[in-house]
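Shown next, in structure tokens, is the structure this report addresses.
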Amino acid sequence: MPELPEVQTVVDTLRPKVRGKRVTSVRLNRTDIVQPSGFDLVAQLNDKIIEDVTRRGKKIVFRLNDDQQFYIHLGMTGRLTAETTSAALRPHTHLVLKVADLEVRFSDPRRFGGVFWLGHNASADDRMGPEPLTTRPQQLAKRLAKTTRAIKNALLDQSLIAGLGNIYVDESLFRAGIHPLVPADQLTSDEIARLNRAIKTTLRRAIRHRGSTLRDYMDANGNAGAFQKLHAVYDRAGRKCRRCGSPIERIVVGGRSTHFCPHCQRKR
DNA sequence: GTCCATGTTCTTTA
DNA sequence: CTAAAGAACATGGA
């Protein structure tokens with residue numbers, strides 16, 4: 001559920017509710033969602049002030065008043081919400097922070113997400129590629145030239161470019177008119193310029209529509225996104241291409257379902 | 001029962 | 001040695 005636009009929307013809705021506020025209690029229901037394992041999250045978080053909440057790739061980064069940092073990754077099914085104490089607790093709620101009159105709750109049925117302590121020294125940038133909203137075409141070109149993998153797989157690699165996932169890679173490739181199986185190092189500079197632009201436009205539109213809700217995603221206020229209604233290819237196999245009317249195809253690339261228009265995204 | 005899922009990391013293969 | 005491909009993780013919905 002959570003790629004860059006969804007994570008950005010969570011941060012945008014959570015930040016005003018917690019920034020500058022003190023964590024007055026910490027309840028950790030499952031210790032195995034914390035990294036490094038065995039770390040005493042409760043002791044380290046309790047009574048700290050949340051100075052800021054920001055996004056890096058798909059990470060939700062918290063900075064505390066003692067200048068320590070940690071991040072929450074939502075994995076596939078994670079939700080991070082700020083709710084009143086009386087709101088019903090979702091199943092699989094692993095962490096609850098009391099912040100002012102609200103509870104910040106992290107729930108995640110599949111537990112692919114988690115809480116990652118960075119402390120003073122570790123950085124949220126570790127093994128992360130550039131932010132796609134500010135990546136320049138030449139920068140993307142240089143990175144793509146280093147791999148023979150299909151462009152679909154390359155764009156999913158967070159160390160190549162950070163924040164894209166299965167939905168927005170498919171949507172961006174459609175907008176750029178590039179077939180998902182083209183080897184990354186064979187894209188022309190023209191195609192890369194188009195791709196770079198398509199990624200930015202797609203992500204900005206998705207953020208404007210508060211992300212895509214397919215099943216689990218909601219922002220910190222519990223609201224679903226609306227961008228799924230505007231998807232051109234993702235989860236639209238067999239339906240008509242919005243541009244040319246051809247049926248959208250679904251193939252499997254690197255174990256992930258991949259959607260594209262065989263007419264608008266020709267393989268060379 | 002089967003297959004599939006918005007993600008990442010570890011292991012195996014080439 | 002390195003890059004790429006595959007398996008694994010855990011749960012729930014169709």
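In what follows, chains carry the letters A, B, and so on, assigned in the order in which the sequence lines appear, proteins first and then strands, with residues in each chain numbered from 1. Here the structure is a predicted model, which means the values were calculated and not measured.
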Quiz prompt | Phosphate OP1/OP2 of B/dT8 contacted by A/Q158 side-chain N/O (<4.0 Å) | solution = yes
Practice problem: Write out the stems for DNA chain C, ordered by first number and formatted as range with range, counting runs of at least 3 consecutive Watson-Crick or G-U wobble pairs under 3.5 Å. | Solution: B:2-5 with C:11-14, B:7-14 with C:2-9
Practice problem: Can you tell me, in whole Å, how much space there is between the P of B/dT9 and that of C/dC1? | Solution: 22 Å
Quiz item: Of the candidate nucleotides C/dA10, C/dG13, B/dT8, which contains the atom at the shortest distance from the side chain of A/H73?
Solution: B/dT8
Quiz item: Between A/K17 and A/V99, which heavy-atom pair has the shortest distance, and what is it?
Solution: O-CG1, 4.4 Å
Quiz item: Could you give the CG-to-C1' distance, from A/D235 to B/dC3, as a whole number of Å?
Solution: 14 Å
Quiz item: Just checking A/G165: base, sugar-phosphate only, or nothing, at a heavy-atom cut-off of under 4.0 Å?
Solution: sugar-phosphate
Practice problem: Say whether A/D40 and A/Q44, considering side chains only, have a donor N or O and an acceptor N or O under 3.5 Å apart. | Solution: no
Quiz item: B/dC4 P sits how many Å from A/L214 CG, rounded?
Solution: 17 Å
Quiz item: Starting at CZ of A/R143 and ending at P of C/dA3, how long is that distance when rounded to a whole Å?
Solution: 14 Å
Quiz prompt | Of the listed nucleotides C/dA4, B/dT8, B/dA5, the one nearest the side chain of A/T148 | solution = C/dA4
Quiz item: With sugar-phosphate meaning primed atoms plus P, OP1 and OP2, does A/R250 contact a base, only sugar-phosphate, or nothing at under 4.0 Å between heavy atoms?
Solution: sugar-phosphate
Exercise. Establish, with yes or no, whether the OP1 or OP2 oxygen of C/dA10 is under 4.0 angstrom from a side-chain nitrogen or oxygen of A/H92.
Key: no
Quiz item: Which whole-number value in Å describes the distance from A/L155 CG to B/dG7 C1'?
Solution: 16 Å
Practice problem: Using the six-membered ring for Trp and the full ring for Phe, Tyr or His, decide whether A/F112 stacks on the six-membered base ring of C/dC9 (centres under 5.5 Å, planes under 30°). | Solution: yes
Quiz item: A/M76 has an atom CE; how far is it from atom C1' of C/dA8, in whole Å?
Solution: 13 Å
Exercise. Would you mind classifying the nucleic acid contact of A/R149 as base, sugar-phosphate or nothing, using non-hydrogen atoms under 4.0 angstrom?
Key: sugar-phosphate
Quiz item: Under 3.5 Å, is there a donor-acceptor pair linking the side chains of A/D185 and A/T148?
Solution: no
Quiz item: Where the side chain of A/K58 is concerned, which of B/dG7, C/dA4, C/dG12 is the nearest nucleotide?
Solution: B/dG7
Quiz item: Mind checking the C1' distance from B/dT8 to C/dG13? Whole angstroms is fine.
Solution: 22 Å
Quiz item: Just by modelled atom types, is the A/A154 backbone N or O under 3.5 Å from a matching donor or acceptor in the A/R149 side chain?
Solution: no
Quiz item: Does a nitrogen or oxygen in the side chain of A/T77 sit under 4.0 Å from OP1 or OP2 of B/dA5?
Solution: no
Practice problem: Please determine if a side-chain N or O atom of A/R111 lies less than 4.0 Å away from the OP1 or OP2 oxygen of C/dT11. | Solution: yes
Quiz item: Do A/H94 and A/S107 have side-chain N/O donor and acceptor atoms under 3.5 Å apart?
Solution: no
Quiz item: Taking the inter-plane angle between the rings of A/F116 and A/Y71 on a 0 to 90° scale, is it parallel (under 30°), tilted (30 to 60°) or perpendicular (over 60°)?
Solution: parallel
Exercise. Return yes if some donor-acceptor pair links the side-chain N/O of A/H209 with the main-chain N/O of A/G211 below 3.5 Å, else return no.
Key: no
Quiz item: What does A/Y234 touch in the nucleic acid at a heavy-atom separation under 4.0 angstrom: a base, only the sugar-phosphate, or nothing?
Solution: sugar-phosphate
Quiz item: Would you call the rings of A/F70 and A/W117 parallel, tilted or perpendicular, where under 30° means parallel and over 60° means perpendicular?
Solution: parallel
Exercise. Determine, for A/F174 and A/R243, whether the Lys NZ or Arg CZ falls below 6.0 Å from the six-membered ring centre while staying within 45 degrees of the axis.
Key: yes
Practice problem: Answer yes or no: does a side-chain N or O of A/R215 lie under 4.0 Å from OP1 or OP2 of C/dG12? | Solution: no
Self-check item: C/dA4 phosphate, OP1 or OP2, under 4.0 Å from A/T147 side-chain N/O
Solution: yes
Practice problem: Quickly work out the A/D157 CG to B/dT8 C1' distance and round it to whole Å. | Solution: 11 Å
Quiz prompt | Nucleotide B/dT8, atom P - distance to CD1 of A/I72 in whole Å | solution = 15 Å
Practice problem: Provide, to the nearest angstrom, the distance between the CZ atom belonging to A/R110 and the C1' atom belonging to B/dC4. | Solution: 9 Å
